[in-house]
Amino acid sequence: MLGLLAMDKEQYEDFMAFTLVGYMKEKVKAGTWLPEHAEKRALEDMSKILPDGYHTENAYFYRVIDRMLPTPAVIGFIWFHIHRKNEFKEVFLYDISILDVYQGRGYGEKTMRLLEEEARRLQAVRIGLHVFGHNERALRLYHKMGFYSKSITMYKELP
């Protein structure tokens, strides 16, 4: 059985170190940042998104646990915020990550379903997210889960 387990402060610190590295890599791969500026920019972004770190109001950090494995294990992480938009509660998914060793086993879809359950429990009416255009695996998952594009920014690199 797959479940979400809230992170404690120490787990949050480990998660943030992990997620910052992934965020920097994605921004560089997308051509948004230069590698030499990535760490500084990522830390700036995180301080804006999480001004009070672990204690930021309406920020939720979970470990994704598979209790059906021979030894129950953390198979990934999920981080989202809940806020009011147009008088309704909305969840914004900042990070979903399934550890490499567990990729390709349907955990992404199951975790997104857990997110939907949690969003309903928190009385949200919608889930939003950002996905990098080069992340085709995530795009397929989100489309499969019923997400649709609200806005698309496109670029063409010139030689």
Under the rule for ring pair (Phe, Tyr, Trp, His ring centres under 6.0 Å), what residues qualify as partners of His130, not counting sequence neighbours? Phe132
Output a table of donor-acceptor pairs, distance under 3.5 Å, between side-chain atoms of residues 143-154 and any protein atom two or more places apart or on a different chain; print 'none' if there are none.
{"from": "His143", "atom 1": "ND1", "to": "Leu139", "atom 2": "O", "distance (Å)": "3.1"}
{"from": "Lys144", "atom 1": "NZ", "to": "Glu109", "atom 2": "OE1", "distance (Å)": "2.8"}

Side chains of Lys29 and Asn135: does their closest heavy-atom pair fall under 4.5 Å? no
Other than Leu34, what residues sit in its cluster of Ile, Leu, Val, Met, Phe, Trp and Tyr side chains whose heavy atoms are under 4.5 Å apart, directly or through others? none
Test salt bridge (Lys or Arg N to Asp or Glu O under 4.0 Å) applied to Arg105 - qualifying residues, sequence neighbours left out: none
Is it the case that one hydrophobic cluster holds both Met112 and Met1, taking links as side-chain heavy atoms less than 4.5 Å apart, direct or via other members? no
Taking the inter-plane angle between the rings of Tyr107 and Tyr102 on a 0 to 90° scale, is it parallel (under 30°), tilted (30 to 60°) or perpendicular (over 60°)? perpendicular
I need the minimum non-hydrogen distance between Ile65 and Leu5, along with the two atoms involved. CG1-CB, 4.0 Å
Would you call Lys40 and Glu44 a salt bridge, using N to O less than 4.0 angstrom? yes
Non-hydrogen side-chain atoms of Arg84 and Lys89 separated by less than 4.5 Å: yes
Mind listing the closest non-hydrogen atom pair of Tyr62 and Glu118 along with its distance? OH-OE2, 2.7 Å
Enumerate, atom names and distances included, each donor-acceptor pair closer than 3.5 Å involving a side-chain atom of residues 15-26, sequence neighbours excluded.
{"from": "Thr19", "atom 1": "OG1", "to": "Asp95", "atom 2": "OD2", "distance (Å)": "2.2"}
{"from": "Tyr23", "atom 1": "OH", "to": "Asp45", "atom 2": "OD2", "distance (Å)": "2.4"}
{"from": "Glu26", "atom 1": "OE1", "to": "His134", "atom 2": "NE2", "distance (Å)": "2.5"}

Counting distance only, does the side-chain N/O of Asn86 pair as donor-acceptor with the main-chain N or O of Phe88 below 3.5 Å? no
Would you call the rings of Tyr94 and Phe92 parallel, tilted or perpendicular, taking 30° and 60° as the class edges? perpendicular
With ILVMFWY side chains joined below 4.5 Å, transitively, what does Leu158's cluster contain besides itself? none
